Amino acid sequence: MRDRLPSLPYVPDVGDDLSSSVSICQRFERLFPSDEGAPSDRPIAVESPVAIEVNGIGYAVLMATPAELEELATGFALSERLADNARDIIDIYVYHSAIGWIIRVTLSAHLASRVHDRVRHRASESSCGLCGIENLEQAMRPLPKVHNSFAGSHRAVFTAIASLRDLQPLNHLTGAVHAAALCDHEGTIRLVCEDVGRHNAFDKLIGAMARRQMDWSGGFALLSSRCSYELVEKAALANCPLLATISAPTDLAIARAAEAGLPLISLVRPDAALLAR
């Protein structure tokens, strides 16, 4: 029997009730400098192990917010270069076990060798890190050039950041999750996905776009996180016209963005931002 998760709206009303699958109420003691204390209840984001199996092979275990798991699996398959598009994904089954969640992804048969090749490298990576030349080459595989162009002005980034917080209901409730937003060229937010992991949130957004057959349409991605090289790679593989992040980038993120021709804006604040040159 397939166990389906309740799906949150992609741009939900912050007044909507959130499913108990993504947050719980936790009892705390509130501490004060006076050395006094008081009981306090606070919603806490759920972080759960999510195992991803691809064509019957255990591929990865993520720590994630257990919602929008089909979108997560789709975006993950695309970001890992296991699939080239959503049509390569034949089926996705989501199961709830006693200790977490299992996502079983079935890819087209012609991709079987690609899956086995990546699993072989990931097995080596998990045992000893990126410990050899072959694995380093896998980690630093050339990125495709971004062919989509951003159709707006940089004012759009400030428009988007001004509204992002109101479109993060789980973070508003818990203060513990990241968001990835699809924004149009004027900065209007079209979709938002949240997760305890910044990579997961972006994979969910990419997966949601693929499953809904949405494209960037000259817009951009806005992430509520620092910019690591993995996020740049996900953006480049998704042919994202522009990537904007709230926190700072790493040097490798900047270099990889330049390699892919991906415009990168970071340290986005309501009054200023930095465009990498």
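Bear in mind the structure is a predicted one, so any value in this text is a computation, not a measurement.
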Would a single hydrophobic cluster contain both [Y] and [X], if residues Ile, Leu, Val, Met, Phe, Trp and Tyr are joined by side-chain heavy-atom contacts under 4.5 Å?
X: Val115; Y: Leu62; result: yes
X: Tyr93; Y: Ile90; result: no
X: Val196; Y: Met63; result: no
X: Met209; Y: Val146; result: yes
X: Leu69; Y: Ile92; result: yes

From [X] [atom1] over to [Y] [atom2], what is the distance, rounded to the nearest 0.5 angstrom?
X: Leu143; Y: Glu259; atom1: CG; atom2: CD; answer: 4.5 Å
X: Glu233; Y: Glu80; atom1: CD; atom2: CD; answer: 9.5 Å
X: Ile52; Y: Ile57; atom1: CD1; atom2: CD1; answer: 14.0 Å
X: Phe76; Y: Ile103; atom1: CZ; atom2: CD1; answer: 9.5 Å
X: Trp216; Y: Ser149; atom1: CH2; atom2: OG; answer: 14.0 Å
X: Met214; Y: Leu182; atom1: CE; atom2: CG; answer: 5.0 Å

Notebook entry, point to check: Name the one of Asn55, Val54, Leu107, Asp84 that satisfies side-chain contact (heavy atoms from CB on, under 4.5 Å) with Arg114?
Noted result: Asp84
Item checked: Member of Leu252, Asp251, Ile254 meeting the side-chain contact (heavy atoms from CB on, under 4.5 Å) criterion with Tyr229 -> Leu252
Ignoring hydrogens, what is the shortest heavy-atom contact between [X] and [Y]? Give both atom names and the distance.
X: Ala257; Y: Val232; value: N-CG1, 3.5 Å
X: Leu264; Y: Pro249; value: CD2-CB, 4.2 Å
X: Thr245; Y: Cys227; value: OG1-CB, 3.6 Å
X: Pro241; Y: Pro263; value: O-CD, 3.1 Å
X: Gln168; Y: Ala179; value: NE2-CB, 3.4 Å
X: Leu267; Y: Ala248; value: CD2-N, 3.7 Å

Note to self: Can you confirm whether more than 12 heavy atoms, excluding those of Arg269, are under 6.0 Å from its CZ atom?
What the structure shows: yes
Note to self: Counting only heavy atoms from other residues, nucleotides and ligands, does the tally under 6.0 Å from CZ of Arg27 exceed 12?
What the structure shows: yes
Can you tell if the side chain of [X] reaches within under 4.5 Å of the side chain of [Y], non-hydrogen atoms only?
X: Arg42; Y: Gln26; answer: no
X: Pro43; Y: Ile24; answer: no
X: Arg226; Y: Ser266; answer: no
X: Ile206; Y: Lys234; answer: yes
X: Leu223; Y: Ile246; answer: no
X: Arg81; Y: Arg141; answer: yes
X: Lys204; Y: Thr74; answer: no
X: Thr65; Y: Glu47; answer: no

Check: Please walk me through it: do Val94 and Ile102 pass side-chain contact (heavy atoms from CB on, under 4.5 Å)?
Finding: CA-CA 6 Å; Val94 178; Ile102 301 171; over 6 Å; no
Donor-acceptor pair, distance only, cut-off 3.5 Å: does the side chain of [X] make one with the backbone of [Y]?
X: Asp184; Y: Ile189; result: no
X: Glu186; Y: Gly152; result: no
X: Asn171; Y: Val177; result: yes

Next item on the list: Could you please spell out the steps behind the side-chain contact (heavy atoms from CB on, under 4.5 Å) verdict for Val61 and Trp101?
Entry: CA-CA 10 Å; Val61 177; Trp101 296 86; over 6 Å; no
Next item on the list: For the residue pair Phe220 and Phe150, categorise the inter-ring angle as parallel (less than 30°), tilted (30 to 60°) or perpendicular (more than 60°).
Entry: perpendicular
Next item on the list: Determine, stepwise, if the pair Cys183 / Thr188 fulfils side-chain contact (heavy atoms from CB on, under 4.5 Å).
Entry: CA-CA 5 Å; Cys183 312; Thr188 299; over 6 Å; no
Note to self: With side-chain contact (heavy atoms from CB on, under 4.5 Å) as the criterion, how do Asp195 and His178 come out once you've worked through the C-alpha distance, each side chain's angles and the decisive distance to 0.1 Å?
What the structure shows: CA-CA 5 Å; Asp195 198 279; His178 285 292; over 6 Å; no
Next item on the list: For residues 104-113, pull every pair meeting side-chain hydrogen bond (donor to acceptor under 3.5 Å, both in side chains), keeping only residues two or more places apart or in separate chains.
Entry: Glu53-Arg104
Check: For Arg198, which residues count as a side-chain hydrogen bond (donor to acceptor under 3.5 Å, both in side chains) partner, sequence neighbours excluded?
Finding: none
Next item on the list: Could you tell me whether the side chains of Ser228 and Glu230 share a donor-acceptor contact shorter than 3.5 Å?
Entry: yes
